[in-house]
Amino acid sequence: MQRLAHRLERLGTETAFRVAQAAAAWSAKGNRVYPFHLGDINIPTAPHIVEAMNAAIADGRTGYCPGPGIPLLREALADDLGSRRGIDLSPDNVVVMTGGKPVIGKFLQAVMDPGQEVLYPNPGYPIYESQIDYLGGRAVPYRYLPTDDGFAIDLDQVRASITPNTVAIVYNDLQNPISAESTAAEREAIAQLAIEHDLWVLSDEAYFEARYEGVSQSIASLPGMAARTVILYTFSKKFAMTGSRLGCAVAPVELAHAFGTLNTNDESCTTHYVQWAGVEALRGTQEPVRQMLDVLRERRDAACDAVNAIPGMHVAVPHSTFYLFPDVTDTMARMGLTDVAEFATAALQHTGVSFCTREHFGRRQPGEERQYIRLAYSGIDLPDITEGLGRLREWIEAA
Ligand code: PMP
């Protein structure tokens with residue numbers, strides 16, 4: 001009898017797609033839906049980037065190209081990422097990939113043997129946990145603690161979780177789903193632990209430039225860190241190119257070679273003409289990037305105001321990402337609910353507001369008592385943000 005491989009039982013996914021399905025089903029019945037579940041951007045890729053992609057196709061850049069990426073894009077990435085982070089990069093440090101996501105699995109394939117431990121943020125982007133499990137590692141979660149102005153990594157837990165069997169830590173400053181931002185001291189503490197215990201660091205910088213105030217800092221720029229850090233970079237968010245699938249890993253040269261070989265095995269190369277669009281994105285006008293940040297900042301402010309007007313909910317205003325992660329425990333208690341999935345379903349059915357919950361971002365850890373939801377404001381226009389969250393407030397007030 002044919003059967004599927006056992007390892008598939010360990011493969012997780014982005015369960016957020018079930019929220020999208022529920023929202024689509026609710027909408028198909030003729031109901032109004034406010035899509036706060038989407039991590040996508042409802043703003044098209046800028047015309048000059050689209051033109052560069054079309055021109056590359058017309059110029060015949062439709063065949064295979066080098067596994068680690070076309071030289072011009074690797075050079076543009078080394079210049080741009082190096083200068084924005086204050087680190088010296090050569091094109092040999094840069095390996096182009098089909099988005100930021102593949103960096104996670106390829107990083108783990110390259111540095112983790114089965115049975116070894118990797119620390120990862122939880123709640124966090126769900127693919128870390130999925131890929132560590134799938135590749136036979138031990139996924140060791142670390143949590144965030146609420147502070148007056150957001151969340152902070154539980155450094156004591158990180159410290160206590162490192163064993164001689166730990167090989168890497170995943171670090172996502174400017175965090176999905178909780179929008180946490182490290183202080184310099186927190187970033188230095190993570191770097192210090194990595195150096196002390198000789199760990200690799202996967203620095204997920206997907207939101208490095210999705211920032212409304214302040215300046216992003218990369219852990220790779222701290223002393224001693226470039227040699228042990230892999231940066232996950234993506235064009236998806238910064239240039240509204242989620243569907244084009246373009247990103248890269250920045251790594252020490254030996255590891256970059258391994259990534260190039262993994263690329264050759266997995267997809268041969270990243271779509272050739274999309275890479276030419278990437279060169280234009282980095283080297284062309286940055287005005288559309290600024291305009292998009294202005295739009296997203298307005299949405300963030302409106303979403304924060306609306307959430308803070310809801311009984312029992314409070315969020316600090318995050319400086320980056322597209323996400324709000326309010327604690328809804330008190331709101332739910334007011335409504336006689338203890339199951340956050342039930343709260344999400346009831347909210348959809350009573351108000352059309354669709355969102356993910358904490359449960360979509362990794363296995364719940366022992367001792368977690370508070371309930372959270374994630375509201376994404378990148379895929380929904382300003383008037384709908386105000387209207388949708390207004391409906392949510394009215395429904396909760398009436399309960
Ligand atoms: N890391 C984080 C934290 C993300 O939120 C995302 C996308 N939502 C990715 C990585 C993957 O990005 P991409 O779509 O470029 O693969």
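Both counts, for ligands and for their atoms, begin at 1 and track the order of listing.
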So M292 and K238, do their side chains get closer than 4.5 Å, heavy atoms only?
no
Between S27 and A23 (side chain of the first, backbone of the second, donor and acceptor by atom type, cut-off under 3.5 Å), is there such a pair?
no
Filter on ring pair (Phe, Tyr, Trp, His ring centres under 6.0 Å), then keep only pairs touching residues 172-211, sequence neighbours left out; what's left?
Y207-F322, Y207-Y323
Applied to residues 100-114, the side-chain hydrogen bond (donor to acceptor under 3.5 Å, both in side chains) test, sequence neighbours excluded, yields E14-K101, K106-N263, K106-E267
Which residue pairs satisfy the ring pair (Phe, Tyr, Trp, His ring centres under 6.0 Å) criterion with at least one member in residues 27-58, sequence neighbours excluded?
none
Show the distances, to 0.1 Å, for all pairs joining an N/O atom of ligand 1 and a protein N/O atom that are shorter than 3.5 Å, listing one pair per line.
| unit_1 | atom_1 | unit_2 | atom_2 | d |
| --- | --- | --- | --- | --- |
| ligand 1 | 1 (N) | D204 | OD1 | 3.3 |
| ligand 1 | 1 (N) | D204 | OD2 | 2.6 |
| ligand 1 | 5 (O) | N176 | ND2 | 2.8 |
| ligand 1 | 5 (O) | Y207 | OH | 2.7 |
| ligand 1 | 8 (N) | K237 | NZ | 2.9 |
| ligand 1 | 14 (O) | S236 | OG | 3.3 |
| ligand 1 | 14 (O) | R245 | NH1 | 3.1 |
| ligand 1 | 15 (O) | G100 | N | 2.9 |
| ligand 1 | 15 (O) | T234 | OG1 | 2.5 |
| ligand 1 | 15 (O) | S236 | OG | 2.6 |
| ligand 1 | 16 (O) | G100 | N | 3.1 |
| ligand 1 | 16 (O) | K101 | N | 2.8 |
| ligand 1 | 16 (O) | R245 | NH2 | 2.7 |

Inter-residue atom distance S244.OG - Q275.CD, 0.5 Å rounding:
12.0 Å
